[in-house]
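The basis for the numbers below is simple: all heavy atoms, side chains too, and nothing from hydrogens, waters or symmetry mates. Every chain is numbered from 1, with letters handed out A, B, ... down the list of sequences.
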Amino acid sequence: MNEFSSQLPSILDQIIASIPVFKPELVIIVAFIGTILATLFFDTIWKHSSLAVAFLGIIASIMVTIPQIDNPTSGFFGMLIIDNFAVYARVIIQLALLVVLFLIQQYFKNKTFGKNLGDIYTILLAAGLGLNLLTVTTNWLLAFIAIETVSISSYILVGYFSETKRQAEAAMKYVLFGSVCAAIMLYGLSLLYGFTGNLDFASQAHIQGLISAPPVMISIALLFMFVGIGFKLGFVPFHMWTPDVYEGAPTPITSFLSTVPKIGAIVLLSRIFQAWVSTSFYFSELTLLFIVVVAIVTMLVGNLIALRQTDVKRMMAYSSIGHTGFLLMAVISTQTKDPQILLFYLAVYTLMNIAVFAFIQTLEEKIGSTTIADYAGLGKTYPILFTIFTFVGISLIGLPPTAGFIGKLLVFSATFDLYQTTQDIPFLLLLIVGALTSVISLFYYFRIPLYAFLRKGDETQNPPIPLTLTYGIGIIFGFLVLLFGIFPDLLLQVFN
Amino acid sequence: MITLTHFLVVSACIFCIGLYAVLAKRNAILILVGIELMINAAILNFVAFGRYDKINYGGQVFALFAIVLAAAAVAVGLAIILSVYRHYKTINPDNITDLRD
């Protein structure tokens with residue numbers, strides 16, 4: 001105890017010195033408390049006050065994050081690692097949150113609830129805080145807290161407006177499956193801590209401990225740990241919740257779940273990957289093999305099951321599982337290089353998915369359905385919407401001249417380079433499966449224009465769509481997909 | 001003399017009981033109980049291992065945070081199960097299957 005009290009001043013000094021590093025998250029915490037107060041006291045005076053506080057909070061957080069570029073630091077005894085990767089990932093996350101904020105506002109605009117809409121912005125900010133933390137850490141403790149913060153916020157986002165049976169069911173499946181995965185991950189982490197006596201997975205002591213631990217126990221611990229990350233990413237053995245939750249949740253919440261949490265989780269996974277696969281010991285080979293196998297299976301399962309879906313939200317859920325496999329491939333191929341390619345693919349994926357869900361939401365408000373068959377004949381009524389929708393679909397497949405094509409091209413060429421230097425068959429398999437599943441995905445994305453333009457619908461004339469904010473977001477993101485497809489350097493140079 | 005092995009065996013048993021409760025899937029509340037058992041097995045591990053980490057007390061700190069997070073997750077879980085009960089009048093997961101392929 002005496003030893004500790006003599007160290008106390010220096011520990012306190014270091015904590016105080018680390019606070020500036022933590023500023024973006026502190027801003028979000030302040031905005032979180034601000035939205036609670038605004039919901040309680042000011043929403044009766046001006047109903048958009050909680051939205052305004054959340055909006056300003058995220059903008060302020062972005063403003064504080066951007067100056068951290070090219071200034072790598074660490075804080076809180078190495079718990080926070082700020083590098084360019086973390087800064088760009090956090091900016092993408094916060095920009096996506098900003099858009100989701102307005103999608104939520106638009107979706108619930110015309111509905112009346114007994115519940116306060118302001119609370120949902122509060123929860124969204126809490127999820128944003130967890131995601132920010134996920135991108136800046138190499139410490140298991142902080143990573144676990146961040147994953148749980150995101151998970152608990154997501155459960156509430158899905159379950160908060162559970163007015164129908166399906167929404168309640170989706171929330172229950174999500175919370176039970178998620179908690180089980182988190183508990184298994186925690187047990188795996190406790191074993192890893194036991195082998196190494198250290199919680200920082202990039203540290204020398206941790207890697208040394210993993211090298212000397214018995215292989216059977218290491219396999220169990222690593223597989224348990226990947227259960228938790230697999231749940232957040234939705235890769236294959238742990239993807240069962242994805243379609244149910246995506247279908248059951250309100251559409252703007254689905255657009256949040258399908259994009260933003262994946263960015264945080266993939267950044268964490270890529271940090272683990274970079275720290276671990278460089279050695280030639282058992283645990284490195286196991287990690288590499290596990291991720292390669294999971295990537296292949298995820299791409300196959302996601303794209304094949306998507307073929308027979310009739311609900312467009314469910315189809316997008318399987319499509320996002322397929323894209324997760326592709327993201328894993330991007331993680332593998334960027335193991336030695338800059339994370340530039342991974343960031344580009346993440347940014348483009350976020351753009352495409354939010355655009356698609358903005359269109360789904362616009363159509364849902366108009367025709368009250370998310371079934372693909374109900375889009376029959378609507379192409380004549382809403383030509384602009386379905387043209388851009390089809391175009392974003394082309395980008396999701398990965399055909400030129402779209403940003404999705406550039407993203408896939410970069411990942412494929414990086415993986416091919418990796419194959420040429422190592423001559424490992426698994427990398428070749430990854431390439432083949434990646435190309436094959438891109439072809440498969442063509443069939444289900446093209447069902448939307450097929451129904452919209454070529455099938456005859458009922459002859460009732462639907463009124464034209466007014467230019468709402470949701471529709472506008474979809475159109476703008478569609479054009480951004482085209483812009484980054486023709487001039488990819490605009491985005492690539494930012495990440496350079 | 002109680003050694004580290006004793007703690008590990010007990011925690012492994014608790015973890016398996018929890019996993020069984022989850023996989024048997026009789027009742028949503030029982031699944032939550034199983035989750036709680038699994039988390040507590042992990043916490044027991046952390047505290048037992050933490051005895052050998054006298055510098056940072058990483059295991060003890062992790063145990064404290066895990067307890068808080070488990071409580072938060074279970075609170076949300078119970079609220080959601082309550083809303084499911086209002087719609088379905090049952091909380092047996094096998095009877096709640098509106099969403100499926």
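- Heavy-atom distances place the backbone of A:Thr164, and not its side chain, under 4.5 Å from chain B.
- Contacts between B:Leu44 and chain A at a heavy-atom distance below 4.5 Å are absent for every atom of the residue.
- For B:Ala12, the parts lying near chain A are the backbone and the side chain together; criterion is any non-hydrogen pair under 4.5 Å.
- Proximity to chain B is absent for every atom of A:Ala182, based on heavy atoms less than 4.5 angstrom apart.
- For B:Phe46 and A:Tyr193, the ring centers sit closer than 6.0 Å to each other.
- In terms of heavy-atom proximity, B:Phe62 sits nearest to A:Leu186 at CE2-CD1, 3.5 Å.
- Within residues 197-209 of chain A, the residues having any heavy atom closer than 4.5 Å to a heavy atom of chain B are A:Gly197, A:Leu199, listed by residue number.
- Contacts with chain A were tallied for B:Ala72, B:Gly59, B:Ala28; B:Gly59 has the most, counting heavy-atom pairs under 4.5 Å.
- Shown here is B:Phe65, whose CZ atom has no more than 12 heavy atoms of other residues, nucleotides or ligands within 6.0 Å.
- Across all their heavy atoms, A:Ile145 and B:Leu69 have their closest contact at CA-CD1, 3.8 Å.
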If you look only at distance, which donor and acceptor atoms sit under 3.5 Å apart when one is on a side chain in residues 78-89 of chain B and the other is two or more places apart or in another chain?
from: B:Ser83; atom 1: OG; to: A:Ser162; atom 2: OG; distance (Å): 3.4
from: B:Ser83; atom 1: OG; to: B:Ile80; atom 2: O; distance (Å): 3.0
from: B:His87; atom 1: NE2; to: A:Ser162; atom 2: O; distance (Å): 3.2
from: B:Tyr88; atom 1: OH; to: A:Lys165; atom 2: O; distance (Å): 3.4
from: B:Tyr88; atom 1: OH; to: A:Glu169; atom 2: OE1; distance (Å): 3.2
from: B:Tyr88; atom 1: OH; to: B:Asp98; atom 2: OD2; distance (Å): 3.1

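- With chain A as the partner, the residue from B:Gly34, B:Gly77, B:Ala73 showing the most heavy-atom pairs under 4.5 Å is B:Ala73.
- With a 4.5 angstrom heavy-atom cutoff, A:Gln167 does not touch chain B via any of its atoms.
- For A:Phe177, no part sits under 4.5 Å from any heavy atom of chain B, backbone or side chain.
- Listed by chain and number, the residues in a ring pair (Phe, Tyr, Trp, His ring centres under 6.0 Å) with A:Tyr187 are B:Phe15 (sequence neighbours excluded).
- Residues of residues 218-226 of chain A placed with any heavy atom under 4.5 Å of a heavy atom in chain B are listed by number as A:Phe224.
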